[in-house]
A.B. asks: 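Quick one: structure below, then a few questions.
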Amino acid sequence: MIGDNIKAHLLDGAVVAARIKQEVQSEVEQMVQTSGYRPCLAAVRVGDDPASAVYVRNKIKACEEVGIRSEHHALAASITTAELLDLISSLNRRDDVDGILTQLPLPRAIDETTIIEAIDPAKDVDGFHPVNAGKLAMGRPVFVPCTPAGIIELLDHNSIEIRGTNACVVGRSQIVGRPMAQLLLQRDATVTICHSRTRDLAAVTRQADLLVVAIGRLGMIGREHIKPGAVVIDVGMNKVSDVDEVRRLFGEAADKRLEVVAKRGYTLVGDVNPAEALEVAGMLTPVPGGVGLLTVAMLMKNTLKAAKLRREIHP
Ligand code: NAP
């Protein structure tokens, strides 16, 4: 039930993700018809982390939906960095592979940085390679990490102005916070980046017309952090199962979430307190149903882009 005090409009990630996948699908079909070539994504997963298995499965499923070929390389946790490097270099050499993604996190024994840096930047569809991160920082992006790129698509789809706004990104990870800040800067926002050492976080975030939160702290961003009417993008994905916590976070919508907890054992919550944000923000991404869906759609878009650039196809 929606209460009287709810002001924010929810930004639907599903609609935008479906549109992106539809566009990719029709371009892939066009490519197959004109050149006989179908793009291919190779997904590499190491170990048996259940969350990683679900993420990779979703990416393979998305490939099927848009007509991209996919390969799933599932490797034992006991693999060494050298053995994984061998696989990456064989995927780099293969002309029929356009995109390579290594599902993170890798087991501790493997040197993650070495693996990321071994991927051919032209096949780095996750956009994590230093060459791609550097190009983005220079304002010449090629492959941009999928989550922040998806957020830009979401903002554009909803005609949300970026230019000239005060934008604040909370979190400075390589995969979300930093590239997000770069993309907003490139679109002429005045960008502030916050992190765990920021003094008086709420005083900073309250200045933001556009607030992107990627910290991995369940419901931490509350009423006091949000400027009234601001656009709030919640990247966080955290599991919650405690009944009192669910009531605190979801207020009047808690009953529906508690049904999910009863069925699955948990419900997903972002880094933003949804009950409080809905009362203050102008727009808010829901969790689930917001940013998460866009990440996989953008991976499809990046894989198509890699195939086009590698074959110098400019439809
Ligand atoms: P991460 O690598 O752990 O980085 C977290 C960042 O948040 C760090 O920069 C950290 O600051 C900052 N931080 C932590 N606690 C803070 C606090 N109390 N106040 C201010 N800043 C704080 O996380 P990530 O990979 O960026 O992911 C962030 C969240 O997004 C997670 O919930 C993750 O599951 C989710 N995620 C979702 C998607 C999606 O598709 N929806 C994709 C990626 C990630 P320091 O740098 O100072 O440590």
Side-chain angles (χ1 to χ4, degrees), residues 10-14 16-17 20-21 43 49-52 54-59 61-62 101-106 108 112-113 116 125-128 133 136 144-155 168-184 191-208 211-222 224-226 232-240 245 249 266-274 277 284-302:
L10 286 176
L11 295 168
D12 187 351
V16 186
I20 294 165
K21 285 201 273 184
D49 173 45
S52 289
V54 171
Y55 292 143
V56 171
R57 208 182 311 134
N58 288 342
K59 291 169 186 179
K61 195 168 144 250
L101 82 84
T102 309
Q103 186 63 47
L104 303 179
L106 290 169
R108 264 201 215 139
E112 207 164 272
T113 307
I116 290 171
V125 287
D126 267 335
F128 296 162
L136 174 60
V144 175
C146 299
T147 302
I151 291 169
I152 296 291
E153 295 266 354
L154 182 73
L155 295 173
C168 178
V169 180
V170 191
R172 55 176 165 179
S173 71
Q174 303 290 349
I175 63 170
V176 189
R178 283 171 201 258
M180 185 77 250
Q182 293 293 349
L183 287 172
L184 292 169
V191 184
T192 307
I193 306 173
C194 297
H195 44 77
S196 66
R197 306 300 162 99
T198 298
R199 286 190 194 143
D200 197 353
L201 182 69
V204 183
T205 58
R206 253 198 328 265
Q207 305 298 316
L211 177 61
V212 182
V213 186
I215 51 179
R217 300 273 181 269
L218 189 142
M220 198 194 94
I221 299 298
E224 73 279 15
H225 296 88
I226 300 169
V232 179
I233 307 293
D234 188 358
V235 184
M237 277 206 294
N238 312 286
K239 288 180 180 178
V240 62
E245 188 76 326
L249 290 164
Y266 67 88
T267 185
L268 284 179
V269 185
D271 293 337
V272 175
N273 180 319
L284 173 69
T285 54
V287 179
V291 171
L293 300 167
L294 293 161
T295 302
V296 176
M298 292 310 290
L299 180 67
M300 300 300 108
K301 194 167 173 170
N302 275 354

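Order of listing sets the numbers, starting from 1, for every ligand and every atom in it.
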A.B. asks: Among protein heavy atoms, which lies nearest atom 4 (O) of ligand 1, and at what distance?
C.D. replies: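 Going atom by atom, the protein heavy atom closest to atom 4 (O) of ligand 1 ends up being Ser173 CB, 3.8 Å.
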A.B. asks: To which protein heavy atom is atom 42 (C) of ligand 1 closest, and what is the distance rounded to 0.1 Å?
C.D. replies: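 Atom 42 (C) of ligand 1 sits closest to the protein heavy atom Thr147 OG1, 3.3 Å.
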A.B. asks: Among all the protein's non-hydrogen atoms, which is closest to atom 8 (C) of ligand 1, and how far away is it?
C.D. replies: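 Of the protein heavy atoms, Arg172 N, 4.0 Å lies nearest.
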A.B. asks: Nearest 0.5 Å, what's the NZ-CG distance between Lys59 and Asp126?
C.D. replies: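 The NZ atom of Lys59 sits 6.0 Å away from the CG atom of Asp126.
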A.B. asks: What residue and atom, counting heavy atoms only, is the protein's closest point to atom 25 (O) of ligand 1, and at what distance?
C.D. replies: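 The closest one turns out to be Ile175 CD1, 3.5 Å.
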A.B. asks: What are the atoms of ligand 1, with element, lying closer than 4.0 Å to any heavy atom of Gly216?
C.D. replies: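 Counting from 1, the qualifying ligand atoms are 28 (C), 29 (C), 31 (C), 32 (O).
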A.B. asks: Test your reading of the model: is there a side-chain donor-acceptor pair from Asn273 to the backbone of Gly219, 3.5 Å cut-off?
C.D. replies: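 Between the backbone of Gly219 and the side chain of Asn273 there is no qualifying donor-acceptor contact (under 3.5 Å).
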A.B. asks: Under 4.0 Å from atom 21 (N) of ligand 1, do we find at least one protein heavy atom?
C.D. replies: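 Under the 4.0 Å cut-off, atom 21 (N) of ligand 1 does have protein heavy-atom neighbours.
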A.B. asks: For Gly292, take its heavy atoms, then give the atoms of ligand 1 lying under 4.0 Å from any of them.
C.D. replies: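 Checking each atom against Gly292, I get 40 (O), 41 (N).
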A.B. asks: CE/Met180 to CD1/Ile151 distance, rounded to the nearest 0.5 angstrom?
C.D. replies: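 Interatomic distance, Met180 CE to Ile151 CD1, rounded to 0.5 Å: 5.0 Å.
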A.B. asks: Around atom 44 (C) of ligand 1, find the nearest protein heavy atom and jot down its residue, atom name and distance.
C.D. replies: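 Looking at atom 44 (C) of ligand 1, the protein heavy atom closest to it is Val176 CG2, 3.9 Å.
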A.B. asks: Just how far is it from atom CG of Leu155 to atom CD1 of Ile233, taken to the nearest 0.5 Å?
C.D. replies: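 It is 5.0 Å, given to the nearest 0.5 Å.
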A.B. asks: Only heavy atoms of Gly236, strictly under 4.0 Å: list the atoms of ligand 1 that pass.
C.D. replies: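 Answer, ordered by atom number: 29 (C), 30 (O), 32 (O), 35 (C).
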A.B. asks: Just do the side chain to side chain contact (heavy atoms under 4.5 Å, CB included) check on Val213 and His225 with the steps written out, would you?
C.D. replies: CA-CA 11 Å; Val213 186; His225 296 88; over 6 Å; no
A.B. asks: Rounded to the nearest 0.5 Å, how far does OG1 of Thr295 lie from CE of Met237?
C.D. replies: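 If we round to the nearest 0.5 Å, Met237:CE and Thr295:OG1 are 7.0 Å apart.
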A.B. asks: Are Asp271 and Asn238 close enough, and set up right, to give a side chain to side chain contact (heavy atoms under 4.5 Å, CB included), and what steps lead you there?
C.D. replies: CA-CA 8 Å; Asp271 293 337; Asn238 312 286; 3.0 Å; yes
A.B. asks: Say whether Gln174 and ligand 1 are in contact under the criterion: heavy-atom distance to a ligand atom below 4.0 Å.
C.D. replies: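 No, that is not the case, since the closest heavy atom of the residue is not under 4.0 Å from the ligand.
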A.B. asks: Look up atom CD1 in Ile226 and atom CG in Leu284, then write down how far apart they are to the nearest 0.5 Å.
C.D. replies: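 If we round to the nearest 0.5 Å, Ile226:CD1 and Leu284:CG are 7.5 Å apart.
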A.B. asks: Answer with yes or no whether Ala214 contacts ligand 1, where contact means a heavy atom under 4.0 Å from a ligand atom.
C.D. replies: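 So Ala214 counts as touching ligand 1.
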A.B. asks: Name the closest protein heavy atom to atom 18 (N) of ligand 1, giving the residue it belongs to and the distance to 0.1 Å.
C.D. replies: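 In this structure, atom 18 (N) of ligand 1 has Met220 SD, 3.4 Å as its nearest protein heavy atom.
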A.B. asks: Looking at atom 10 (C) of ligand 1, what's its closest protein heavy atom, distance included?
C.D. replies: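 Of every protein heavy atom, Ser196 N, 4.3 Å lies nearest to atom 10 (C) of ligand 1.
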A.B. asks: Quick test: of every protein heavy atom, which one is nearest to atom 5 (C) of ligand 1, and how far off is it to 0.1 Å?
C.D. replies: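 Of the protein heavy atoms, Ile215 O, 3.7 Å lies nearest.
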A.B. asks: Which value, rounded to the nearest 0.5 Å, describes the distance between Arg178 atom CZ and Leu183 atom CG?
C.D. replies: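 The CZ atom of Arg178 sits 14.5 Å away from the CG atom of Leu183.
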A.B. asks: Counting heavy atoms only, name the option from Thr295, Val235, Asn238, Leu268 that's nearest to atom 37 (C) of ligand 1.
C.D. replies: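 Ranked by closest heavy atom to atom 37 (C) of ligand 1, first place is Val235.
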A.B. asks: Checking side chain to side chain contact (heavy atoms under 4.5 Å, CB included) for the pair Glu245/Leu218: CA distance, chi angles, key distance, verdict?
C.D. replies: CA-CA 10 Å; Glu245 188 76 326; Leu218 189 142; 3.3 Å; yes
